[in-house]
Amino acid sequence: MDIKKIEKKWQERWEKAGLNRFDPADKEREKLYVLEMFSYPSGAKLHIGHWYNYGPTDSYARFKRMQGYNVFQPMGFDAFGLPAENYAIKTGVHPKDSTLRNIETMEGQLRAMGAMFDWSAEVKTCNEDYYKWTQWMFLQLYKKGLAYRKEAPVNWCPACNTVLANEQVVDGKCERCDTPVVRKNLTQWFFKITDYAEELLSGLDGLDWPEKTKSMQRNWIGKSTGCEIEFECDNGEKFKVYTTRCDTVYGVSYVVLAPEHPLARSLTTPEQREAVEAYIDYAARANEIERLSSTREKTGVFTGSYCTNPVTGKRVPIYLADYVLYSYGTGAVMAVPAHDERDFAFATKYGLPIVKVIENRDGETTLPFTEDGLVACNSQFDGLAGEEARDKIAAYIASLGKGGKKVNYRLRDWLVSRQRYWGAPIPVIHCEKCGAVPVPENELPVRLPYDVEFRPDGKSPLAKCEKFMNTACPQCGGPARRDPDTLDTFVCSSWYYLRYTDAKNDRAPFDREKADRLLPVDVYVGGAEHSCMHLLYARFFTKALRDMGYLDFDEPFKRLVHQGVILGPDGNRMSKSHGNVVSPDEYVNEYGADAFRLYLMFGFSYTEGGPWSDDGIKAIARFMDRVEKIVIRSIAYSGNAPYGHEERALNYARNYAIQRVTRDMEAFSFNTAIARIMEFTNALYKYDGLTGEKDATLFKACVRDLILILAPCAPHFCEELFERIGGKGSVFDESYPREDADALRLDETEYAVQVNSRIVCKAMLSSDASNEEIEQAALALPEVAEKLAGKTVKKCIVVKGRLINLIIG
RNA sequence: GCCGCUGUGGUGGAAUUGGCAGACGCAAGGGAUUUAAAAUCCCUCGGGAUAAAACCCGUGUCGGUUCGAGCCCGACCAGCGGCACCA
């Protein structure tokens, strides 16, 4: 078979017949939205990871199409982002030019793969017709109060004199120059994802996602139930602390505010002023490496002020320490050194009292004792423990009007500003009179200018482009400046699955009816590295758009599958620096797209991945060769043998294969699906090799089914074979074979016969025998009789169709 | 430190979810065909023991539950991934 020729032939036919497209007019077939995470065009070519993601998933989509679904499988490009910009900085090639060029090659390669992508729905996030709507999304969130601006610390590289994205910070250092990154306060745009923390958490329960991914998201959201407690300072100022251990409130020996806490300075006494200022300065300068270290010694400073524990009435000193995070809870904690390791370390260092108020129920109480125990502090709560103690004490605090139960989340609001060029400009205008004014929707898109100096020199690249920056305030008409920042690329990818449903719409980001019809995505396939970013952001967008009335569903991705990672032959992640990158191209050239896809499907457990090895790729070519040969042989097959034992065996093999392959394809268990197809092929060879008259009708029907069940996994190849045996039109317009339950019902089943749980022999027993009959048959076996000699059967276990176990003694 | 996952032949990986461990392949060895090679086809292929069999051992380690454990429970070891001063 001339692979190159048939690939081209069928790809053209599919395109012409519109076979790859979702048919919106067809209301008969049930829709099925199969989505692969779109491509990131940072390199010019498809790598094995793309193939591994898209090839097998396309086979799944084709399989579902044959099962009668109206399948929608779009593809596009996540085209904004740092790599293109960094490449530009290095080489001088404009990000737009390199990106569009990369997209063009990748698109060609994706088409050559032979996947049934619906290219009529293609999106490229860097094009105006897309980012216009990304900006529109920003404006809707802004209107809804879900986008806001505040000053926040960002990663700053003092050597490059620029802000870095989180992804650019590797082990606390700048990825380009290895300089430790420091924090710097800048005014930034945020999305209020925390408003949805609870729903993002509870919504996970109903999703058909890998448990690992769900637990990562749960962890990331980090719900914690605790208690807020208000402390009043000597000067009358009040602040709240947050604790999950309000049962230890009787043991508070000091309180700590984060150095950034707004009361930090006002609570400082004149004598402490100098030390406090020095400490605040020190904390602000602490670099990422230091901050990341949990073994770092605790530091802090006394403010000079005191406040009162509302439960005990005791006065305790107020400290500042950077082991308290301003961004979590209230930015202030009560310190109970006896029952918290951090407080214990701090109190020990600064000579603060350590007061034990919880006793270990089962043994000695060695401090710090951080587990649940009995309250023991001469209070009305003595003797209570754990949750009960916390409930009662929280209720008591609430009754004092000093706080009460409170839920907190670890999740932070999403910082979306980037001081970068290659992204969607933030559609906001800053006016001296009116402040931050959103760009009116009818003025979108805010175009990203082409001629911009994007080499880093400490300023946002767009800020240096006067033509871009200078504009008029939409509110007062006076001179104003545009926001010089661009949106995080994750904003672009948070709604692309919606745009696919209506990619050409120039009046709206998507049509509600179309979106509601196609969504949610039925199966979403992509790498696990996006567990806490993209997948969480996309869920947030869906929920926010729902609440704004643009959608009618709660979750974007019903089922999620992560393909594994194909590593280099040395077991390391493929990378240029490791020198272990394997290119798919040479294999695709030599063996063809189908063989390469088949090999990826057969050689790995899909969700596991593993080190690349081409050991078996020849075997796949051999397998395809065997299939082709038997198909050709079947064409001239003749014979009219009566339906006998061999025919039944062949028909069994056929139906067994259909049954198992159907199940395995559904489960993304591609390696076993192909193993079953190989077995069926072997059965055909076996039948063919028999002497005597053959049943040509059966044989041809079997060969036809072989082509059909293999078709999703080797599309061009099977189209060609289907045509050879006289099939009309596309094999993908055929129904996927269904197993015949009768053919799978055998008269006799092989049983493993055990005596005292050890296998004695095997026996063919009637399939519809009762347990008693099976037992009798087993007892009649000579091997069993031998073991039984003189002993009695105490128990008999029968597993229908599998084994019988006689317990004797 | 916390959370999660994984551990099966020389090798990639299976195992109907508690029921014959090692499907399907690869590699290896032997044979057929061939002047020869490639290709193709057939046989063997977890370990031990044996002339061969019966038999014994075997799913990271050690225990447990069960008629029966790769699968469930407990403790540990190793590797991978995520989070990490979240009060």
Looking at A:Arg758, I'd like to know whether one of its side-chain N or O atoms comes within less than 4.0 Å of OP1 or OP2 on B:G68. no
At 4.0 Å (heavy atoms only), tell me whether A:Leu803 reaches a base, stays on the sugar-phosphate, or touches nothing. base
Determine the contact category for A:Glu750: base if any of its heavy atoms lies under 4.0 Å from a base atom, sugar-phosphate if only primed atoms, P, OP1 or OP2 are that close, otherwise nothing. base
For atom C1', what is the distance between B:U50 and B:C56, given to the nearest Å? 12 Å
Pairwise C1' distance, B:A27 and B:C45 [rounded to whole Å]: 11 Å
Give me the distance, rounded to whole Å, that separates B:U17 from B:G1 when you measure between the C1' atoms they each carry. 34 Å
Please determine if a side-chain N or O atom of A:Arg660 lies less than 4.0 Å away from the OP1 or OP2 oxygen of B:C24. no
Base paired to B:A27 (Watson-Crick or G-U; both N/O distances under 3.5 angstrom): none
NA contact type, A:Arg676, heavy-atom cut-off 4.0 Å: base, sugar-phosphate, or nothing? base
Ignoring backbone atoms, test whether A:Tyr328 places a side-chain nitrogen or oxygen under 4.0 Å from the OP1 or OP2 oxygen of B:A87. yes
Give a yes/no verdict on a cation-pi contact between A:Lys298 and A:Phe346, requiring under 6.0 Å between NZ or CZ and the six-membered ring centre and an angle within 45° of the axis. no
Is there a side-chain contact between A:Thr312 and A:Val252 (heavy atoms, below 4.5 Å)? no
Using a heavy-atom cut-off of under 4.0 Å over every strand shown, decide if A:Val324 touches base, sugar-phosphate, or nothing. base
Output yes when at least one side-chain N/O atom of A:Ser224 is less than 4.0 Å from OP1 or OP2 of B:A87, else no. yes
Side-chain N or O of A:Ser605 less than 4.0 angstrom from OP1 or OP2 on B:A14? yes
P spacing across the pair B:C43 / B:G48, given as an integer number of angstrom: 24 Å
Counterpart base for B:C80, defined by Watson-Crick or G-U wobble contacts under 3.5 Å: B:G4
Base, sugar-phosphate, or nothing for A:Gly689, non-hydrogen atoms under 4.0 angstrom? nothing
Residue-phosphate contact under 4.0 Å: A:Arg626 side-chain N/O, B:C41 OP1/OP2: yes
Would you classify A:Asn408 as touching base, sugar-phosphate or nothing, given that sugar-phosphate means primed atoms plus P, OP1 and OP2, and contacts are heavy atoms under 4.0 Å? nothing
Can you check whether any acceptor in the base of B:C20 is under 3.5 Å from a donor in the side chain of A:Lys762, or vice versa? yes
Heavy-atom donor-acceptor pair, A:Glu341 side-chain to B:C85 base, under 3.5 Å: no
I'd like to know if A:Lys298 reaches the base of B:C85 with its side chain, counting only an N/O donor and acceptor under 3.5 Å. yes
Any A:Asn671 side-chain N or O less than 4.0 Å from OP1/OP2 of B:A14: yes
Could you tell me if the side chain of A:Phe668 sits less than 4.5 Å from the side chain of A:Gln563, heavy atoms only? no
Reckon A:Gly222 touches a base, only the sugar-phosphate, or nothing at all at heavy-atom distances under 4.0 Å? nothing
Regarding A:Arg626 and A:Asn682, is there a side-chain donor-to-acceptor distance under 3.5 Å anywhere? yes
Rounded distance (Å) that lies between atom C1' of B:U66 and atom CD1 of A:Ile807: 11 Å
Write down the distance separating the C1' atoms in B:A23 and B:U61, rounded off to the nearest Å. 28 Å
Over-ring placement of A:Arg597 relative to A:Trp51, 6.0 Å and 45° cut-offs: no
Validation row: A:Arg410, A:Trp220 side chains within 4.5 angstrom (heavy atoms): yes
Applying a 4.0 Å non-hydrogen cut-off, can you work out what A:Gln754 is touching in the nucleic acid: base, sugar-phosphate, or nothing? base
Using a 90° cut-off around 0 for syn, call B:G4 syn or anti. anti
A:Tyr282 and A:Tyr279 aromatic centres sub-6.0 Å: yes
Is any side-chain N or O of A:Asn805 closer than 4.0 Å to OP1 or OP2 of B:C20? no
Could you tell me how far B:C24 sits from B:U44 if I compare only their P atoms? Round to whole Å. 12 Å
OP1, OP2 of B:A84 versus side-chain N and O of A:Arg410: anything below 4.0 Å? yes
Say we look at B:G18 and B:G70: how far apart would their C1' atoms be, to the nearest angstrom? 11 Å
Which part of the nucleic acid, if any, lies within contact of A:Phe602, taking any heavy atom under 4.0 Å across all strands shown: a base, the sugar-phosphate backbone alone, or nothing? base
Syn/anti state of B:U11 by chi, 90° boundary around 0: anti
Between A:Arg663 and A:Glu666, does at least one N-O distance fall below 4.0 Å, as a salt bridge requires? no
Integer angstrom distance from the P of B:G30 to that of B:G79: 39 Å
